[in-house]
Amino acid sequence: MLDFTSFYAQLASNKLHKWLESLPAQLACWNKDALHGDFKQWQKVIANLPATKSSLTELKSAVQFGTPNDISAGEAQQIRYLLQQLKPWRKGPFSIHGIDIDTEWRSDFKWDRVLPHIAPLHNRFVLDVGCGSGYHLWRMRGEGAEFVVGIDPSQLFYAQFQAIKHFNPDPAVNLIPIGIDDMPVLKQFDTVFSMGVLYHRRSPLDFLQQLKNQLRPGGELILETLVVEGDEHTVLVPGERYAKMRNVWFIPSVAALTHWLQRLGFSNVRLADLNHTSLAEQRKTEWMENESLIDFLDATDHSKTIEGYPAPLRAVIIANNQN
């Protein structure tokens, strides 16, 4: 049974206290019903991580806890072995006492594209919807966010987050293993991020409304998603797969997405960045040995996916909650 008592205590003392009306029961059900066999093994991995003292904590330019000199050679070998039991590592990178977890995605590239365009996070309550293993949560904290919550229902992502937090048990950085459908209407977060999620949702407007439901009036939404070129009427609905992914439903143009957000009551909608995903940003590594971007693109024309659709083009859209 996982213990969320300290998180509940924090909620009780801050502006998210309404969440306590539903969250404990949801997590009790998750503990009881949702866990598959691998999760128990992952918990053993985390329990076996050695206790260490970190002489360095870096969150502004990277996610780095400790240096090689903080631990013995035996501890380094043990940590590397245990963290490798949590593969595949998709979002990162992380550095733990000089052990570099070279993840499939260079999520720092995305962060560097996003950060210059957003309102400062200092003293903000921040929610990251679909946060993966939590790389960006730590970068948000590094920018001075007061309280950072990520939600993602993946059990492996949760275990990976636990492993990283073992080396920096900051109570202000939390990952809760639920999805946006499980969130009550809180309207309290100053900033809501959702990066790489919209195209996985069967009902994108409902999803955007769910994000809006978490923002205080005037709060800021940072939305990063796949887009296609076109006018406000252009939306790609792929066939069975897009870049070998089965769960891709709607890929709008920037103009169409802007229109959706405005219809839902967002204001000041603006495009902050447009970027073709590169083979340097998403690739196989020793920490993620499955297929990656190179396998999803047409072998003779990298401007197309293997199915013939436009290759991944990602936009960062920023908007404010009007009410």
Side-chain angles (χ1 to χ4, degrees), residues 56-65 88-96 100-152 154 157 160-161 163-165 167-168 170 172-175 189-200 211 214-215 219-227 254 257 270-283 285 287-288 292-293 312-320:
L56 171 69
T57 297
E58 173 57 55
L59 296 176
K60 283 284 287 184
S61 62
V63 178
Q64 180 180 0
F65 302 136
W89 287 82
R90 296 193 178 275
K91 304 295 177 68
F94 303 96
S95 180
I96 305 297
D100 294 324
I101 303 175
D102 187 15
T103 50
E104 176 190 14
W105 281 90
R106 287 294 304 265
S107 301
D108 51 335
F109 290 8
K110 183 179 296 187
W111 185 249
D112 289 344
R113 292 195 298 268
V114 168
L115 185 61
H117 304 284
I118 66 175
L121 298 180
H122 187 68
N123 289 336
R124 288 198 166 210
F125 276 55
V126 181
L127 175 67
D128 187 359
V129 176
C131 64
S133 54
Y135 174 83
H136 291 120
L137 304 181
W138 297 108
R139 299 300 300 270
M140 294 165 193
R141 180 65 167 156
E143 292 300 315
E146 179 179 343
F147 195 63
V148 183
V149 181
I151 61 170
D152 198 300
S154 164
F157 285 153
Q160 291 170 343
F161 174 78
I164 299 301
K165 190 169 178 176
F167 298 98
N168 184 41
D170 184 343
V173 181
N174 297 275
L175 193 159
F189 287 97
D190 303 295
T191 305
V192 170
F193 288 83
S194 180
M195 299 191 283
V197 180
L198 180 68
Y199 47 90
H200 292 313
L211 300 179
Q214 304 309 321
L215 276 169
E220 186 170 83
L221 172 68
I222 295 95
L223 182 69
E224 191 267 1
T225 188
L226 291 174
V227 294
V254 170
L257 182 52
R270 62 267 193 205
L271 174 66
D273 185 78
L274 197 61
N275 179 270
H276 281 282
T277 305
S278 73
L279 297 176
E281 186 169 354
Q282 185 187 9
R283 70 277 190 271
T285 75
W287 294 84
M288 203 300 293
S292 192
L293 180 61
L313 175 65
R314 292 181 173 270
V316 176
I317 304 286
I318 301 177
N320 294 96

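Note that these values count all heavy atoms, side chains included, but never hydrogens, waters or copies made by symmetry.
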Do the non-hydrogen side-chain atoms of Leu257 and Leu198 ever get within less than 4.5 Å of each other?
yes
My understanding is that only one of Asp102, Asp100, Ile101 makes a side-chain contact (heavy atoms from CB on, under 4.5 Å) with Thr285; could you say which?
Asp102
Side chain to side chain contact (heavy atoms under 4.5 Å, CB included) between Leu271 and Val316, intermediate numbers included:
CA-CA 6 Å; Leu271 174 66; Val316 176; 5.9 Å; no
Heavy-atom check, side chain of Leu293 versus side chain of Pro312, under 4.5 Å:
yes
Check whether any side-chain heavy atom of Glu220 sits under 4.5 Å from a side-chain heavy atom of Asn320, and report yes or no.
yes
Could you go through Trp105 and Thr277, starting from their C-alpha distance and side-chain angles, then the distance that decides it, and tell me whether this counts as side chain to side chain contact (heavy atoms under 4.5 Å, CB included)?
CA-CA 10 Å; Trp105 281 90; Thr277 305; 3.9 Å; yes
Working for side chain to side chain contact (heavy atoms under 4.5 Å, CB included), residues Leu274 and Val254
CA-CA 9 Å; Leu274 197 61; Val254 170; 4.2 Å; yes
Using side-chain heavy atoms (C-beta onward) and a distance below 4.5 Å, is Gln64 in contact with Trp138?
no
Is the shortest side-chain heavy-atom distance between Asp108 and Tyr135 below 4.5 Å?
yes
Would you call Leu211 and Leu223 a side-chain contact if the rule is heavy atoms closer than 4.5 Å?
yes
Check whether any side-chain N or O of Glu224 sits under 3.5 Å from a backbone N or O of Phe193 as a donor-acceptor pair, and report yes or no.
no
Phe125 backbone acceptor or donor facing Asp190 side chain under 3.5 Å
yes
Is a donor on one side and an acceptor on the other found under 3.5 Å between the side chain of Ser292 and the backbone of Arg283?
yes
Report yes if the distance between the aromatic ring centroids of Trp287 and Phe94 is under 6.0 Å, otherwise no.
no
Is the closest side-chain heavy-atom distance between Phe65 and Leu59 below 4.5 Å?
yes
Where is the tightest heavy-atom contact between Arg106 and Ala280, given as atom of each residue plus distance?
CG-O, 3.7 Å
Could you tell me whether a side-chain N or O of Asp152 sits under 3.5 Å from a main-chain N or O of Ser154, the two making a donor and an acceptor?
yes
Within this structure, what is the CZ-CG distance for the pair Arg141 and Leu121, rounded to the nearest 0.5 Å?
11.5 Å
Does a side-chain N-to-carboxylate-O contact under 4.0 Å join Lys110 and Asp273?
no
Residues Glu104 and Lys91 bridged, charged N to O under 4.0 Å:
no
Using only atom types and a distance under 3.5 Å, with no angle test, would you say the side chain of Glu143 pairs donor to acceptor with the backbone of Ala145?
no
Derivation and outcome, salt bridge (Lys or Arg N to Asp or Glu O under 4.0 Å), residues Glu281 and Arg314
CA-CA 12 Å; Glu281 186 169 354; Arg314 292 181 173 270; over 6 Å; no
